[in-house]
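Proteins get letters first, then strands, A, B, ... in listed order; numbering begins at 1 in each.
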Amino acid sequence: MCDKAVFNSTKKSLFDKYFGFLNPKQREAVYSINGPLLVLAGAGSGKTTVIVNRIANIILFGNSANSDFLPENADILLPLMQNTLKNGNSAEIREVLKKCAVEPAEPYRVLCITFTNKAAKEFKERLAQTLGESARDIWAGTFHSICVRILRRHIDLLGYSNDFAIYDTDDCKKLITEIIKELNIGESALPVKSALNAISKAKENDRTAKDELFDAGKDRFLHNVARVYEVYQTRLKSANALDFDDIIMLTNRLFDLYPDVLNKYKEHFKYILVDEYQDTNPSQSKLVSKLANNKKNVCVVGDDDQSIYSFRGATVENILGFDREYQNAKIIRLEQNYRSAGNILKAANGIIENNVGRKGKELWTEAPDGEKIHIKKLYTQAEEAEFICETIREKVAKGAKYSDFAVLYRVNALSNSLETAFVKKRLPYKIFGGLRFYERREIKDILAYLSVIANPSDSVRLRRIINVPRRAIGDTTVDKIASLATENDVSMFSVIENARVYQELKRSSLKLENFAQLINELSDFSKTHTLPETVSQVIEKTGYRVMLAEEENGIEREENVLELVSSAALFAETAENPTLSEFLNELALVSDLDGYETDNDSVALMTVHSAKGLEFPTVFIPGFEEGLFPITQSSFGSDREIEEERRLAYVAVTRAKNSLYLLHTENRMLYGRTEFRRISRFCDEIPQSVCEHHSKEQKRSAFSQNTAYSSSSSGIKNNIWNKPKPEKASVEVFDEGSVVMHPMFGKGEVLSATPMGGDVLYEIEFANGSIKRLMGNFAKLKKC
DNA sequence: GCTGGACATTTTTTT
DNA sequence: AATGTCCAGC
């Protein structure tokens, strides 16, 4: 029998060599797989790498690295191990270590929870790189996608049907508006927005309408909220719909009411990992705690200093109190930063150390100090924007790429003046965020049609489109339909279908039945045609496209709608089960169009919030001013709020790798008011030794006059850089008059070819005389 | 039922 | 400044 100590130290050395690209702290996090673990991962500390390798370790080697278990064949293994330690490459070490594995977990027993689809996607990709095929079985996804997966199997226990729909904030708002009206509460007593917020907050805290009513006491407002909440919940249920918060809350409910179901999942998941734990709300942390109860093999990763979503219900307390909730939790701090130069870190540390409620961390780096932080005062935002552009231009002239730069602002409202300057200076840029694709009116309308086609009892979506385009079916009629539906306990759609039967609807019965027929025809169409065909049929047959064509800004909306056809086509090609309802399910949890992450060379403009997790060689922060950053609403900022603003500043500063510019103007125009503003207090918190104040060398007169630039020249804006056109050379382009072959419709002649959103819209007359409009990227056309 | 003009509103937003 | 929402009058 071989010496246990020798075996284990050899094994340890092998592990350290295999994970040699990690620093000791990172390695410790990777090895500590049993028991609760909190990884406090500072900005740029290699968090993703740690998570991916920790999961790989769990699956490949189990607890081997931290266990002194001696396998039976240890004496045979040891020489092999010693030899591999001396001469082996990474792959060979891996094979040897696999032989030493101690209870490695099957991939499907690992649950990895993220907040964004983007993060989930990144994890999946990187896990696939390290683990290959088997990575597919890991449960990696967002809180919402994982809960939806669970609910689709069990929600019938709660009285919903398993094919439930998911309502977004907009749908919910509509529903609440209706309810407030019905209950005669009045918008002034309870604005829809406050109701929505209050209900959402309740759900984030896993509280039911009854809980809220109980606690409301004599408070009129809270009482009204509770009443609305109650009805809202009933209404959602009868529409068989969940809102975003329900997805989490009802999973909690399912687990509370059906312990056998919970046990099933508790047994199933041996290892749980939660990313961005500082962004969890109480409902989510409850859920984790329920699932982790068995072995408490739960690892949460996050950074209390980067908690910037409290307005969405996230609570720093989850991460601050982790070691209280999970007894004997191990805490590992990742403080070595691999991203930023020394001075930038000193600035970041200087800012964040003013916060009181934190776990405490200090980033350090082996990198040199680098440049000082550039602080510059300008008179107007036009000058500020121009300064940014000029600086970028100079650096590009010296060899930088446009994509090395980011401009990060506190509020979207700042993007306008920046955009104006970028257009004027002809610098390529891309604005991230703002209005998102699936939130656009035209997209929501078409999706509403598709939802109604898939499920006619979806009354909220039905209301949305019943009179869009105009069909002379007004609010009074719709209200009548709604009350008839409630009275007779049928869906609104069935009332519409049988409009003739109801006396009250006599006058509009023809219009209503026409509408019902339209929906039914489209529904039949969808059963015999592909998804993109259905989408495009909806756009045409409902008259929606014609309506857009007549609108003033209709062209862009038309492009968006056609983009939706493209995304349906993409889905049809890639999804396992490309049905209409699957498509809608997928979109419900997706916030923006994928593939819009640009790899083309342009400057990134975005809010600090959306920059979290990203890095850029050079970062500009315009509007680093009191009142704007930290932002102050009319109410005085509480300490809590200031601390969150400070964390936001910390996030902003730590995005920069080499250069950081903090800009402020004396004179800022915001929301139609011009105000004098002082430099941000956060600037004073940065050690002056790492700062460089640039004097304003410009005289204020003529310069700023010239920069008063009319932003109405949006023609230019849209032409050049605004929408990065996907440069695709893969698809052949056809001119008017050419004869083409379509796989389904056969031979046809191109009547017109209109470039559109990186694609070409063709109007083609086919041999049978029909004229179709098709998108080039998806039509699979061939030259004849 | 539709339209136009008054009126308010304006942080951040992973799902 | 810019955009969405509401309501009165047609």
Side-chain angles (χ1 to χ4, degrees), chain A residues 113-122 141-148 166-170 172-173 177 187 191-193 197 200 203-204 242-249 275-276 278-281 283-284 306-314 381 408-417 420 432-436 438-439 441 466-467 469-479 507-508 511 553 586-592 606-613 623 627-635 637 641 644-645 647-649 651-652 669-674 710-712 714:
Chain A
I113 309 177
T114 63
F115 268 80
T116 63
N117 292 308
K118 201 175 140 201
K121 202 175 143 200
E122 193 186 346
T142 61
F143 266 105
H144 290 83
S145 70
I146 284 160
C147 289
V148 164
I166 296 164
Y167 278 5
D168 68 15
T169 318
D170 209 56
C172 301
K173 217 187 221 162
T177 314
E187 262 259 38
V192 177
K193 252 181 105 178
N197 279 334
S200 181
K203 291 183 172 182
E204 282 157 1
L242 314 193
D243 64 22
F244 287 135
D245 300 313
D246 278 342
I247 293 173
I248 312 296
M249 191 177 73
D275 188 24
E276 306 282 18
Q278 77 283 353
D279 290 339
T280 49
N281 63 38
S283 206
Q284 289 163 330
Q306 292 187 68
S307 163
I308 55 173
Y309 281 103
S310 75
F311 66 94
R312 280 189 50 72
Q381 35 191 355
L408 309 181
Y409 34 80
R410 175 68 248 259
V411 294
N412 278 311
L414 289 195
S415 68
N416 262 329
S417 61
T420 306
F432 292 80
L435 42 128
R436 283 175 300 176
Y438 291 109
E439 272 162 22
R441 168 168 64 83
I466 190 165
N467 202 30
R470 296 260 138 81
R471 298 191 177 89
I473 303 172
D475 290 343
T476 18
T477 311
V478 176
D479 286 343
R507 267 203 290 163
S508 38
K511 289 175 271 185
N553 292 332
E586 164 118 345
L587 294 193
L589 291 179
V590 157
S591 66
D592 213 343
M606 66 183 94
T607 63
V608 179
H609 281 91
S610 21
K612 193 168 105 176
L628 192 54
F629 204 162
I631 203 162
T632 42
Q633 282 274 71
S634 48
S635 65
E641 283 164 352
E644 177 133 333
E645 292 294 314
R647 292 193 290 267
L648 203 48
V651 168
M669 161 114 95
L670 205 62
Y671 308 128
R673 291 173 163 277
T674 304
S710 152
S711 68
S712 60
S714 54

Can you find a side chain N or O atom of A:Arg470 that sits less than 4.0 Å from OP1 or OP2 on B:dT3? yes
Next on the checklist: Base, sugar-phosphate or nothing for A:Phe143? Non-hydrogen atoms, less than 4.0 Å.
Outcome noted: nothing
Q) Should we say atom NZ of A:Lys511 is surrounded by more than 12 heavy atoms from elsewhere, each under 6.0 Å from it? A) yes
### Task
Ignoring hydrogens and angles, tell me if any N or O in the side chain of A:Asn117 forms a donor-acceptor pair with the backbone of A:Leu589 under 3.5 Å.
yes
note: A:Asp170, atom CG; C:dT5, atom C1'; distance rounded to Å ~ 13 Å
Here the distance between atom C1' of B:dT15 and atom CD of A:Gln284, to the nearest Å, is 9 Å
Margin query: Does A:Ser145 reach a base, just sugar-phosphate, or nothing at all? Heavy atoms under 4.0 Å.
Written below: nothing
When rounded to whole Å, the CD1 to C1' distance for the pair A:Ile631 and B:dT9 reads 14 Å
When rounded to whole Å, the CG to C1' distance for the pair A:Asp475 and C:dA8 reads 15 Å
When rounded to whole Å, the OH to P distance for the pair A:Tyr438 and B:dT15 reads 12 Å
Touch class at under 4.0 angstrom, heavy-atom based, for A:Asn467 against every strand present: sugar-phosphate
Heavy-atom closest pair (A:Glu644 atom, A:Tyr309 atom, distance to 0.1 Å) is OE2-N, 3.4 Å
**Prompt:** Tell me, do A:Val411 and A:Phe629 make a side-chain contact under 4.5 Å, heavy atoms counted?
**Reply:** no
Taken to the nearest whole Å, NZ/A:Lys173 to P/B:dT13 is 15 Å
Classify A:Asp168 by what it touches in the nucleic acid, base, sugar-phosphate, or nothing, heavy-atom distance under 4.0 Å. nothing
If stacking means aromatic ring centre less than 5.5 angstrom from the base's six-membered ring centre, planes under 30°, is A:Phe115 stacked on B:dT15? no
> Looking at A:Asn412, does any N or O in its side chain come under 4.0 Å of the phosphate oxygens OP1/OP2 on B:dT12?
Replying inline: yes
Below 4.0 Å: OP1/OP2 of B:dT13 and any side-chain N or O of A:Thr607: yes
By nearest-heavy-atom nucleotide on DNA chain B, the more 5' of A:Val608 and A:Ala472 is A:Ala472
At less than 4.0 Å, is any side-chain N or O atom of A:Ser610 found next to OP1 or OP2 of B:dT13? Yes or no. yes
Testing B:dT15, C:dA1, B:dT11 for proximity to the side chain of A:Met669, the answer is C:dA1
I want to check one thing: is the phosphate of C:dA2, taken as OP1 and OP2, less than 4.0 Å away from some side-chain N or O of A:Asn416?
no
Is A:Arg312 side chain donor-acceptor paired with the B:dT12 base, going by distance under 3.5 Å alone?
no
Main chain of A:Thr476, side chain of A:Asp479: is a donor-acceptor contact present, judged purely on distance under 3.5 Å?
no
Which of B:dT11, B:dT13, B:dT15 is nearest the side chain of A:Phe311? It is B:dT13
DNA chain B nearest-nucleotide lookup for A:Asp279 and A:Ile473: closer to the 5′ end is A:Ile473
Scan A:Thr114 against the nucleic acid and name what it touches under 4.0 Å (heavy atoms): base, sugar-phosphate only, or nothing. nothing
Taken to the nearest 0.5 Å, the spacing of A:Glu276 CD from A:Thr116 OG1 works out to 7.5 Å
request  = Have a look at A:Arg410 and say if it touches a base, only the backbone sugar-phosphate, or nothing, with a 4.0 Å heavy-atom cut-off.
outcome  = base
A:Asn197 CG to B:dT13 C1', in whole Å, measures 12 Å
Next item on the list: Look at A:Tyr671 and B:dT11 and indicate whether a side-chain polar atom (N or O) is within less than 4.0 Å of OP1 or OP2.
Entry: yes
Rounded to whole Å, the CZ-C1' distance (A:Phe432 to B:dT13) equals 17 Å
